[in-house]
Amino acid sequence: MSNRIDTPHAYAADDAALSCTQKASSENVLPVVLVATYDETVRLKKVWSTCAPFGIAIVTLQSWVADLWELYGDGRTLIEPVERQFLAAKALGLACWENPDGLLRDTAGTRKFIAAVAHKALPKAYDNPGLSAGEREAVTVLARYRSLLENHGLVEYSEAIDLLCGAKAYAGFKPIVLGIDARELSALERTFLESADATFVANTHSTAPLSEDRAPELETLSSALYRPDEKNPVVPTGSVRFVLPSGRYAAPHALCSAIEQIAAADLDTAIVIAAHEPYALFESVSKRLALQGIPVAVQTALPFSSTEFGMAWLALLEVFCGETLVARAATDFALSAYSGVGVRSAYNRDAYWRANRALNRDSILTDLCGVADRGLNGFIGSFENGHTNEAFDIMQAHIIKQISWPSGYRDRQLSAFSVARSVYEQAERFGIDLAGYRAILEDQRMFVRMETEVELDASGGQQQELSSSMQVMSVRS
């Protein structure tokens, strides 16, 4: 990589990137700073708000490619992630139907593999004598995928970046890649950036400066995580702590106790929690900490299938298109807050379904329609008869009417509902059946940002602020 600037830490990397933008502006070239995530664009814009040259763009590589394609593309639309999954599933299904004895199978893992290859290297997916039988089958699936893209007026990201590179759409721009490891880029992305004469600003994690707003121990630890120095180990000062509970049920108590001790010692200390499952941790500790006057915030990606609406919706789809355990899925849906079935009626139906060996899907759906009330009595019938817009409208109205639900909980369920509806619209557009829709929907994730509200103590004293986020595991270092 010809243009690379190594810096000892993140602050120096920011400064080096800023110098590159200033130099590009002085040469009458538009600087484009490329970062890894949207959150990083927000952070950098805030840091450079008073010193960056006018006209600088701070975006992710994907966003920049999308902007260039809108200006210099051939009129096709860049494919969205959900669309990619649907078309990959359709291409794979058709290929497996035509070649049932082939090595590839129509599974979720194979579908994700086809989608990933298409996203990163579709222009390179051509048959050649050196490929194995399985690889040739994958190339055949990708060729069908490419045909489906053309039929729907779509273009894959890897195709777009390849075409933009050939058209030299980057002329007049100076890309400055900040905080992105070149090894994480695809071959086409690296070729594109090298052709655009991009400058890579790298943080070598060798040293870390002392900062007034960050503890020295945290600075040293963040450096040691990447390049540990056995001769100069990290000196613990209490700024970085590990809570090691003996079990799942002990974790909330141990964590709350540690936080309360820190808050009691210094009310001005901001606390950040790095957790494997931040939302589950937020749910388990937020109420107790709120009672202690400690507000809690969480920011993470939540699986659709882990929301209450998501679990109920997936259970209903299993009733419609599942091959086994349909009665169990019907019970899961009936016991949810989205069926319109009372708890007692749901348990009665469950007992009846378990005792009836002659049960079939139609009778279960008839039962669910018959016992549903509370504004949902027409929901299943509308969905079953193909009036999906009407069914979605009924469900949306039901969720909105639940004024007794906590606002944060209701908003989260509405977000999950929006995901289910938008993904269904895409499935309908591409002719995907309910089983395929369910498989793609189950993999979707939702961005969640929540904060607890606490009451001030009697003295009106200052409250402690706590942040729980998966992103804290990627500390700027």
Side-chain angles (χ1 to χ4, degrees), residues 1-4 29-38 57-92 95 110-131 135-200 430:
M1 197 172 300
S2 57
N3 297 332
R4 177 185 170 97
V29 180
L30 292 175
V32 180
V33 180
L34 303 176
V35 294
T37 64
Y38 173 76
I58 304 174
V59 294
T60 62
L61 176 57
Q62 292 77 11
S63 296
W64 189 44
V65 170
D67 291 341
L68 290 176
W69 183 256
E70 188 173 348
L71 291 172
Y72 305 106
D74 56 17
R76 289 181 292 169
T77 304
L78 268 174
I79 193 169
E80 298 290 336
V82 173
E83 296 173 329
R84 178 182 298 116
Q85 292 293 330
F86 277 130
L87 289 188
K90 191 168 186 177
L92 177 62
T110 308
R111 181 248 304 165
K112 293 177 183 178
F113 166 75
I114 294 297
V117 173
H119 175 57
K120 293 186 176 182
L122 186 60
K124 305 295 184 182
Y126 290 102
D127 197 3
N128 66 68
L131 297 180
E135 290 170 337
R136 284 195 297 272
E137 288 184 18
V139 168
T140 302
V141 175
L142 288 166
R144 187 179 293 275
Y145 174 85
R146 188 184 293 108
S147 177
L148 291 173
L149 285 176
E150 294 175 356
N151 293 341
H152 290 90
L154 299 172
V155 62
E156 184 52 81
Y157 170 78
S158 55
E159 280 188 314
I161 203 168
D162 188 48
L163 292 170
L164 290 171
C165 185
K168 298 184 179 180
Y170 46 74
F173 295 94
K174 175 59 179 179
I176 300 158
V177 184
L178 175 61
I180 300 178
D181 191 336
R183 293 170 296 182
E184 298 175 357
L185 300 172
S186 68
L188 289 171
E189 288 173 330
R190 287 195 297 269
T191 300
F192 175 74
L193 291 173
E194 290 171 359
S195 300
D197 193 29
T199 298
F200 287 77
F430 296 121

Distance check, rounded to the nearest 0.5 Å: Ile114 atom CD1 versus Leu87 atom CG?
12.5 Å

Any donor-acceptor N/O pair, Lys90 side chain to Phe430 backbone, under 3.5 Å:
yes

Distance-only, no hydrogens or angles: does the Trp69 side chain make a donor-acceptor pair with backbone N or O of Arg76 under 3.5 Å?
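Side chain of Trp69 to backbone of Arg76, a donor-acceptor pair under 3.5 Å: yes, one is there.
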
For the student: nearest non-hydrogen atoms of Ser195 and Cys165, plus distance
OG-SG, 3.6 Å

Where Thr60 and Thr37 come nearest, the two heavy atoms and their spacing:
CG2-C, 3.7 Å

Only pairs at least two apart or in different chains count here, so list each salt bridge (Lys or Arg N to Asp or Glu O under 4.0 Å) that has a residue in residues 147-163.
Arg84-Glu156, Arg146-Glu159

Any pair with a residue in residues 114-129 that passes salt bridge (Lys or Arg N to Asp or Glu O under 4.0 Å), sequence neighbours left out, goes on the list, sorted by first then second residue, please.
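Sorted result for residues 114-129: empty, none.
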
Using a 4.5 Å cut-off on heavy atoms from C-beta on, say whether the side chain of [Y] contacts that of [X].
X: Val155; Y: Leu149; value: no
X: Phe192; Y: Leu188; value: no
X: Tyr157; Y: Ile79; value: no
X: Val139; Y: Leu131; value: yes

Are Phe173 and Trp64 close enough that their ring centers fall under 6.0 Å?
yes

Just by distance, with hydrogens left out, do Tyr38 and Gln62 show a side-chain donor and acceptor under 3.5 Å apart?
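On atom types as modelled, these side chains do not qualify, holding no pair under 3.5 Å.
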
